[in-house]
Amino acid sequence: MPKKVCVAMSGGVDSSVAAALLVSRGFSVEGVTMRLWGDADRDIADAARVADFLGFPHIVLDLRPAFRAQVVTPFVGAYLGGLTPNPCVVCNREIKFGALYTYARERGCDFLSTGHYARVTLFDGAYLIARGRYPRKDQSYVLYHLPPEVRARILLPLGTLSKPQVRRLAREWALPVAARPDSQDICFIPDGDYADFVEREAALSVRPGDLLDTAGAVVGRHQGFWRYTVGQRRGFSGGFPDGPRFVLSTDPARNTVTVGKNDEVFSERLTVRGLVWATDRHGSRLDTKIRYSARAAASAVTQTGPDSAEVVFDAPQRAVTPGQSAVFYDGDRVVGGGTIVRASV
RNA sequence: UGGGAUGUAGCCAAGUCGGUAAGGCACCAGACUUUGACUCUGGCAUUCCGCAGGUUCGAGUCCUGCCAUCCCAA
């Protein structure tokens, strides 16, 4: 009796290849496409074509209310609170490996599978998320918070493949979506203008405020604190004759943005909340990754409370940003992480 | 209306002995990217260098006048 696996299919190349891989490995596959936001008919149709092509059933799961409540609303709220959220992290936790996982289990699936470029490895009796084999595309960062029962029941077929390999497989197998371009940007903001999105959702308009230097002197104007994130260079009126300035911090209460030169945007330590550990088997010397596209950096991690920890880097990191996730790696294994609430020199 | 200085793209700014407008910031486009950023590449003064004349084959670069701004002296 083959194991039954539910595959999350976005209609894109990655999840389609993941599904094909599972079919080739003898699993009993069922495709599910989540309807999350906006017009998804094209994606749903593409996923259905792939399922049909590969010969397994496909269903659509409408999770729009949950997506709005658990991803979009918090996303807007975070920006208005002066933070820089990572909606993909939240979506993976609450939707893909939350609501969808629950649904898959209820349908009797043994596993849930996605097209993430990450692996699951058995370590000391526990299933842990590990980096994808090909670091360029590694997505383990966005899965750091999966609970143990979920980690034990997910399959990530793309974890040992590179993007070019996946595309090649899609072409070899003549999948109907082989030529689709990669998705990018925030899925619920197709035009990529997140600031405009936040303003529409929150019924705000541009709210100019003072641009400050580290001494507190007004050095320019900005268009509303939510349009800026730590390390950002663009968006200040006029510019500075002696070189660019980068955001050091924002203050939602006063609607101010503090800027400085590039060498001022490095931090040696940070504090996380919402701390989770994937295993107790880890030391304090861990590599910490402070954003999706950052390289994990050597650090010392110390738990300071039930859900908080302090991270001290061997070398200062650029643009440590409150709201982003800090993920702890022991080699290739994801051992924990949390949300950055503060950075300090 | 005594003296001195300056006036080059939105901003800062280089422009030698006159030879056919560096660079930086900002901005725009593209690349990168399942978050926001960063980064990278390209574009960005085709009768134009405060204005008006003049000299010259040719002037931002020399000459004359004017205008504007700043500083000192008042």
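Note on naming: letters A, B, ... go to the chains in the order of the sequence lines (proteins, then strands), and numbering restarts at 1 for each one.
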Would you indicate what [X] reaches in the nucleic acid, counting non-hydrogen atoms under 4.0 angstrom: base, sugar-phosphate, or nothing?
X        : value
A:Gly235 : sugar-phosphate
A:Lys96  : nothing
A:Gly238 : base

Whole angstrom is fine here: how far is it from [atom1] in [X] over to [atom2] in [N]?
X        : N      : atom1 : atom2 : answer
A:Phe97  : B:rU34 : CZ    : C1'   : 12 Å
A:Phe240 : B:rA26 : CZ    : P     : 9 Å
A:Lys163 : B:rC32 : NZ    : C1'   : 14 Å
A:Arg93  : B:rU34 : CZ    : C1'   : 16 Å
A:Asp242 : B:rC11 : CG    : C1'   : 12 Å
A:Gln223 : B:rC27 : CD    : C1'   : 14 Å
A:Leu211 : B:rA26 : CG    : P     : 12 Å

Using the [atom1] atoms only, state how far [M] lies from [N], rounded to an integer number of Å.
N      : M      : atom1 : value
B:rC25 : B:rU20 : P     : 26 Å
B:rU64 : B:rU1  : P     : 23 Å
B:rU69 : B:rU35 : C1'   : 49 Å
B:rC70 : B:rU61 : C1'   : 24 Å
B:rA14 : B:rU34 : P     : 44 Å
B:rA13 : B:rC49 : C1'   : 13 Å
B:rA22 : B:rG60 : P     : 13 Å
B:rU46 : B:rG23 : P     : 16 Å

Who pairs with [N] - Watson-Crick or G-U, where each distance is under 3.5 Å:
N      : answer
B:rG36 : none
B:rC17 : none
B:rU61 : none
B:rU6  : B:rA68
B:rU41 : B:rA29

5' precedence on RNA chain B between A:Asp182 and A:Phe236 (nearest-nucleotide basis):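 Mapping each residue to its closest nucleotide by heavy atoms, the 5'-most match is A:Phe236.
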
May I ask you to decide if the ring planes of A:His116 and A:Phe97 are parallel, tilted or perpendicular, using 30° and 60° as cut-offs?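 If you compare the ring of A:His116 with that of A:Phe97, the planes turn out tilted.
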
Whether A:Tyr144 and A:Tyr141 hold their rings parallel, tilted or perpendicular, with breakpoints at 30° and 60°: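 A:Tyr144 and A:Tyr141: tilted rings.
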
Salt-bridged, A:Arg295 to A:Asp287, with N to O below 4.0 Å?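 No, no charged N to carboxylate O under 4.0 Å.
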
Less than 4.0 Å between a side-chain N and a carboxylate O, is that true for A:Asp41 and A:Arg35?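 Yes, this pair counts.
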
If you compare all heavy atoms of A:Tyr134 against all heavy atoms of A:Gln165, which two are closest, and at what distance to 0.1 Å?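 A:Tyr134 and A:Gln165 have their closest heavy atoms at CE1-OE1, 3.6 Å.
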
Hey, would you say the A:Tyr228 and A:His222 ring centroids sit under 6.0 Å apart?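 Distance test on ring centres: under 6.0 Å, yes.
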
Which one of A:Tyr194, A:Tyr79, A:Trp226 satisfies the side chain to side chain donor-acceptor pair (under 3.5 Å) criterion with A:Glu199?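 The passing option is A:Trp226.
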
At under 4.0 Å between heavy atoms, which parts of nucleotides 35-44 of chain B does protein reach? Answer with one letter per nucleotide, 5' to 3': B base, S sugar-phosphate only, - none. BBBSS-----

Side-chain donor-acceptor pairs of residues 316-323 of chain A under 3.5 Å, sequence neighbours excluded:
{"unit_1": "A:Gln317", "atom_1": "NE2", "unit_2": "A:Ala315", "atom_2": "O", "d": "2.8"}
{"unit_1": "A:Arg318", "atom_1": "NH2", "unit_2": "A:Gly231", "atom_2": "O", "d": "3.3"}
{"unit_1": "A:Thr321", "atom_1": "OG1", "unit_2": "A:Ala319", "atom_2": "O", "d": "2.9"}

Check whether any side-chain N or O of A:Lys137 sits under 4.0 Å from OP1 or OP2 of B:rU33, and answer yes or no.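 Result: no.
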
Do the side chain of A:Ser299 and the main chain of A:Val301 share a donor and acceptor less than 3.5 angstrom apart?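 Between the backbone of A:Val301 and the side chain of A:Ser299 there is no qualifying donor-acceptor contact (under 3.5 Å).
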
